[in-house]
Amino acid sequence: MNEFLLQLLSGISAAAVLFLVASGFTLVFGALRIINFAHGSVYMLGAFLATSISDFVGTGNVSFWISALLAGFSVAALGALIEIVCLRRIYHRDVAIQLLVTFGLVMIIGGLVRGIWGSAPRQTAMPPLFDGGVPMLGTYFPTYSLFLICVGSAAVIALWLIMYQTSLGRLIRGAVDDRQLLEMAGVNVPLLFTAVFSLGAFFAGIAGALVTPQQTISVGLDLDVIVKAVVVVVIGGLGSIGGALVGSLMVGVASSIALIWLPPSWSLIVVFGLLVTVLAISPQGLFGKVR
Amino acid sequence: MTTAAYPVSAALTVNNLDAFYGKCQVTFDAQLHVGRGEIVALLGRNGAGKTTTLMAIAGFVTARRGKVLLAGNEIATAPAFRRVRAGLSLVPSGSRSLGSLTVLENLQTSAGVSARNGQWSIDKVFGLFPKLRQLAGSQGRQLSGGERQMLAVGRALLSQPEVLMLDEPSEGLAPLVVAELGGMLRRLADAGLAVLLTEQNHGLALDIADRVLFMEKGQIAWEGSASEAKDPEVLGRYLSV
Amino acid sequence: MKMFRSSVRDWRTSRSMRTVLGSFTLGLMGAAFSSGIASAETGGCVNGEAQALIVSDVSGRLGVLGPSQSTATQTVIDLINKDGGLLGCKVKLTIKDEQLDPAVAVRELKKAIATNKPNVVFGPTLSSSMLSMAKITNAQGIPLFSGEGGDAQFVMDAREPGNYMAISTLYQDGRAAAKYLVESGKCKRYGFLYPDIVAGRDIVSAFRGQLAESQPDAQIVVDQPYNLQNKDFGAIIQAISSKSPDCVFGNLLGPDLGSVYKIWNQRKLDILTMFYPDTATLKAVGNGNLPANTYGVMRANVKTMAATPVGREFTEAYKAANNGAAPDEWAYAAASAVQMWASMVKAAGSFDYNALDTAAKKGGLTFDSVYGDGVEIMPNHQANAWSNVGPVVDDSELGHPYWSSDSKAMWTKDVIPQPLYEAILSGKTSTRWTSAQ
């Protein structure tokens, strides 16, 4: 029983990071109708920026937050720039062109990261507050994993508040429905899209920064995370934040619980099995609205 | 057709408009004007270029040439949302609404965006369409076609328009709802709004319009009063298939 | 003809000339091709220049091995050239990136051969890439030397006359690690954590084999192969710790190992680990952040190798060419491959594929390598080196954690590769790999 609970908890912790990435990806798809493969690259950039920022500000409890937020805001600004310079030109173009452009961004950001930070693995030290483990269920469960669960929950609440309690959220949901109609209502849709893309990048950047104390990071982080985010979002339904939450939990928890019986090399089989099952039952994903 | 000198006081003036869908030219040298308090109907067969004309005026379709003056100000190069804020609203065809937003949220999207001080508030829209007040908490996708069309008009009014354009407003609506909508548009026009609407079905348009334009192959082919347009010979020439 | 040949050389060495002479490319390639045939006949080089090629993962998933391997290869070749070259030929190195992808490795190799057929190819880390490349180099009659990759198969079931391995094999590593852990007396319940690739499966297989001999009552409580692209080890380590092993073994290195050490620390796990702690990861984890009971397996001991005469010369040259950065274990392995090739060329008096094979098979060939002067080239084309096994602790001289002074150099004469060949034939170890054509 303890083993089961501990795997469950580990899975939820993985799901928290997944949700931070997948929610931005699905938000951008829903509003901008762009499958942004560069979303994983933004996550990677956030992670690498956080390691460099913490080189300057240190790795105390406060400087940990400084470097995570600074990394988040930096990639949010970069996200805005990418939206204005690249994506704005391709909304009306063919999907193939859009995929090519975002894939090009994957290459560019990947090359940039390799050029700036090199290919050696990097990491940041654990902030003292979250170092070590909490004694529970007969073992020490990493404090930081519990912290990630808190951050994930906070992100769920924050996104819910943004989406349902602010005018920005109202406009984002409107854009998911019909962006032309929104423009006909006099909404500055280009600015809205910049804001949405930037918000998605912020969440991805924060997620990247938050894994650095627990994972050694290296180039290749981008593709690893985007594959998972795509699976999560397809399971949950493209464009749905609730779907991203449920999808993250399903993918995170299923691949963690499966470890009780299966070696981790089966995790892809577990995850894709989940994907196939969900799509067989509900071809648009669990909460899919956007075709 | 020669360039006519339209009154400068017109709420909307369109001159020499060449609109394109991609590389394909749809309107050729289109011109029209709508005065304050006037309802102008733009009629024509399917594919004549009516919708494209409205979309080009609103800024959703590229106009390579031509002027669009809103109360005398050139807006042809402004992005669509700025034209709305300047007082030019479009109710697109198909009774579209923001389906996952509630009626109230639908109205909130356009409330307060306008650059102009207008008379319309959400409360006044509810006064105009009491049904919407009852449905305030319902999602757009739960409404009937007629309710969605009321919502669309209400949303357009909240952007405080000087000119209201409606693309095939009666399409798919029950006759009773069409009549109600017509009466309301007439009242709005009488209160000073300039209205430009398109129809394939001439029924509503000829009943409420002051002036009628017939469009054919992307050009304004005929212009006259509503009573002149009711001439079966004219209707036969421009509308029968 | 002589003038024409010298223009070929200019074309090779000058980028701008290459652009200007772009229209003559076909003709020049024809000339290079025909002179390639000439060199195969004589076993010498063309225009006093021998062509060497290294295909390595300069970028890609691991990314920590390729850069130091290619830099080390260049360093040794520079040293050879400084001493007057090989058989009167200067050696020119071309570096290609295989991005840890067999398909890329094959593509880059084919391109390089078509442009300028090399006299020797040094191969990458990834076994699948190495083995895919071997098919091509063998067909082309080009000797292929491995610093790291493809070891178990490379010298065993897939071996060809022209394939050489410069360092110990995964088989030896796995055996040496098992012996060391058995002798430590610390382990009864064993666990495995390794990437689910040929190299991972083979080393664990070798470890299990030695364990069955040395500690028959040992229990294997957890066996966790993971996908190479995995980044989040939280749940995996939870699953391992639930089975409470005493010792966990595997061939983790690079970013994966860094992540594992971090979670190991947070969970305060009192489980002995024995992995492949590479220099870059140890630096990234940093002093004082290494879990207790951390042990390492390595094909080369940096301190030992820097102390041999050849090793010292190499170390200084490497540092001088790299802003003072010291070579890591992968660099020494790659250096050894070049030294092995050079000594064989000298012994054979030829660059030729068959001549090298004949020289190797005669046996008794020795050369001065960074490993010291006791290295033999066995008839199976493998430089018989050793695996280093021991606890990893802070090392003030290196500025980051490394092997303590009591690390054991495990001679592997008693675990010569032959049994592995038989084991492979009997299906007891993995021989699967992805091959690209």
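It should be emphasised that the depicted structure is a prediction, and the values quoted were computed from it without experimental measurement. Below, read A as the first sequence line, B as the second, and so on, with proteins coming before strands; counting in each chain starts at 1.
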key: Part of C:Asp223 within contact of chain A (heavy atom distance under 4.5 Å)   = backbone
Donor-acceptor pair between A:Gln214 and A:Ser145 side chains, under 3.5 angstrom = yes
ask   = Of all of C:Leu257, C:Ile263, C:Ile240, which one pairs up most often with chain A through heavy atoms under 4.5 Å apart?
value = C:Ile263
Would you mind telling me which of [options] has the largest number of heavy-atom pairs within less than 4.5 Å of chain C?
{"options": "A:Pro264, A:Ser10, A:Gly133", "result": "A:Pro264"}
{"options": "A:Leu268, A:Asp131, A:Ile260", "result": "A:Leu268"}
{"options": "A:Gly138, A:Pro213, A:Gly252", "result": "A:Pro213"}

message = If the condition is ring-ring contact (aromatic ring centres under 6.0 Å, His included), which residues does A:Phe64 pass it with, not counting sequence neighbours?
response = A:Phe147
task = For A:Phe203, enumerate each residue passing the ring-ring contact (aromatic ring centres under 6.0 Å, His included) test, keeping only those at least two apart in sequence or located in another chain.
result =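 For A:Phe203, no residue satisfies ring-ring contact (aromatic ring centres under 6.0 Å, His included) once neighbours in sequence are set aside.
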Chain C contact via A:Ser13 - which portion, at a heavy-atom distance below 4.5 Å = neither
key: A:Leu221, part contacting chain C, at a heavy-atom distance under 4.5 Å   = both
message = How close do A:Thr143 and A:Phe130 get, counting heavy atoms only, and between which atoms?
response = CB-O, 3.3 Å
task = Apply salt bridge (charged side-chain N to carboxylate O under 4.0 Å, His left out) to the pair C:Asp57 and C:Lys96, showing each step before the final yes or no.
result = CA-CA 8 Å; C:Asp57 60 323; C:Lys96 295 286 179 193; over 6 Å; no
ask   = Is there a donor-acceptor contact under 3.5 Å from the side chain of C:Trp264 to the main chain of C:Ile271?
value = yes
